[in-house]
2 protein chains.
Amino acid sequence: MPVIDKSKVPVKTGSIYPQPYASQMAGRSSLRLGDAGGLTQFGANEVILQPGALSSLRHWHHREDEFVMVTQGECVLVQDEGETTMRPGDCAAFPAGYPNGHHFINKTDAEARFLVIGSRMNPEKATYSDVDLEVELKDGKATFTHKNGTPYQGDRT
Amino acid sequence: MPVIDKSKVPVKTGSIYPQPYASQMAGRSSLRLGDAGGLTQFGANEVILQPGALSSLRHWHHREDEFVMVTQGECVLVQDEGETTMRPGDCAAFPAGYPNGHHFINKTDAEARFLVIGSRMNPEKATYSDVDLEVELKDGKATFTHKNGTPYQGDRT
């Protein structure tokens, strides 16, 4: 049955980020709607932001297109140019390779949600605009590095 | 600027269907939001249904995943199993090759809208469940045939 029963979709919490960034994602969760519906060719996730929560570190994707539509409440989009408040029905597009990092912040005292669509490239790379961090995503594995390519965590003492 | 100004996105009307099916799509239009935002890897369109309008002939895609979220009003999803009324936030997924045709009907007296995401396969094929029609989509060209492969329009007299 193609209709997705959201009440049965697991609420995904936590973050793949290393510390201290993972802790900064408190209050963010998501529903993997496309996965729940058996889709494989792109991701379709509803992101849920509690008051004060961030959607991610500010980032841009090297190979993947990304599309967002706000579905509930107010989300503040942050980019190089500054902040834009977005409301239900408002949408934004982030073409692959566009080096202008973005993320969303819920600055209200009510829950906010947006739908995010992303193509699924393998491998993929993302750069985080405001911190010295990048990630390579390959075969389901995320490898975080500094921007000079050295491992973010690992064999350094 | 990634935020999409919907008021500046052209409203696409009309249908690629041959007659008599094109005329059956009266009252349907769409905003090509992803295209407007410079995306190429998937389509992200907001479909606008006036009262009584259909989103398409009931169809299924052979190679493309499709995802829908209702964004305004009420849309009735029609599939082999029957009808399901969907409201804002409700979503459905149609995996590639799932041979259960679907379309949406606005049975209310107010405008209804949904966001539809589709991957972009080239070539692609779609089968229309309720009529003797299929389409091959290749390099931007649509070729309609009967289900036995003979041209729907063309060299027959």
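In the text below, chain A, chain B and the rest are named by the order of the sequence lines, each starting its count at 1.
The neighbour count for D5(B) CG, taken as heavy atoms of other residues, nucleotides or ligands under 6.0 Å away, is above 12. In the displayed structure, K138(A) atom NZ is contacted under 6.0 Å by at most 12 heavy atoms of other residues, nucleotides or ligands. K6(B) NZ: more than 12 foreign heavy atoms inside a 6.0 Å radius.
At a threshold of 4.5 Å between non-hydrogen side-chain atoms, the residues P2(B) and H102(A) do not count as touching. Contact of the L77(B) side chain with the V3(A) side chain is registered, since non-hydrogen atoms from C-beta on lie closer than 4.5 Å. Counting heavy atoms from C-beta on, the side chains of M69(A) and L33(B) come closer than 4.5 Å.
When all heavy atoms of A93(A) and L39(B) are compared, the closest pair comes out as CB-CG, 3.8 Å. Residues P95(B) and G37(A) come closest through the heavy atom pair CG-O, 3.4 Å. The shortest heavy-atom contact between T40(A) and D65(B) is N-OD2, 2.8 Å.
Between chain A and the residues P88(B), G89(B), A96(B), G34(B), the most heavy-atom pairs under 4.5 angstrom are made by G89(B). Between chain A and the options D80(B), T71(B), N100(B), I117(B), the largest number of non-hydrogen pairs under 4.5 Å is found for I117(B). When each of E66(B), M86(B), Q72(B), R113(B) is scored by its heavy-atom pairs under 4.5 Å with chain A, the top score falls to E66(B). By number of non-hydrogen pairs under 4.5 angstrom with chain A, the leading residue of A44(B), C91(B), A36(B) is C91(B).
Only the backbone of R63(A) comes within less than 4.5 Å of a heavy atom of chain B; no side-chain atom from C-beta onward does.
Taken from CZ in F67(A) to CG in L115(B), the straight-line distance is 5.0 Å, to the nearest 0.5 Å.
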